[in-house]
Amino acid sequence: QDSITDKSDTKAKKEGELTDSKKDLENIMIELEELANENADLHKACDFTLKNFDVRQQARDEEVEGLREAKAALSGAQLTLLQRSG
């Protein structure tokens, strides 16, 4: 009789552990799916950045060159004004 009771208790504990393990597995699977989706989003963002890197770099180079030309033009204008007033 004690053996049956012990086995019933053990079975109940193991069924509880199984239920907990199934819940843990379900939560882990959900988390893995979320991580996979985030990974896909990051790949899209990286692919876009890499694809447009050369275009963006060229645009920045042109912008910097334009600023240098503007600075030179303004420096020349200031120099001209100083020469006229001096």
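Keep in mind it's a predicted model, so treat the numbers as computed, not measured.
- Using modelled atom types, one side-chain atom of N52 and one backbone atom of F48 make a donor-acceptor pair closer than 3.5 Å.
- Residue E31 places its CD atom among 12 or fewer non-hydrogen atoms of other residues, nucleotides or ligands, all under 6.0 Å distant.
- Interatomic distance, CE of M29 versus CG of L32, reported as 6.0 Å (0.5 Å rounding).
- When side chains are defined from C-beta on, N39 does not count as touching L35, because their heavy atoms never get closer than 4.5 Å.
- Between Q58 and V55, every side-chain heavy-atom pair lies at or beyond the 4.5 Å cut-off.
- Counting only residues at least two apart or on different chains, no side-chain hydrogen bond (donor to acceptor under 3.5 Å, both in side chains) pair has a member in residues 11-29.
- No chain of hydrophobic side-chain contacts below 4.5 Å, direct or via other Ile, Leu, Val, Met, Phe, Trp or Tyr residues, connects L18 to L25.
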| task | Begin from the C-alpha positions of K71 and L74 and carry the test side-chain contact (heavy atoms from CB on, under 4.5 Å) through to its verdict. | result | CA-CA 5 Å; K71 181 179 174 186; L74 292 173; 5.8 Å; no

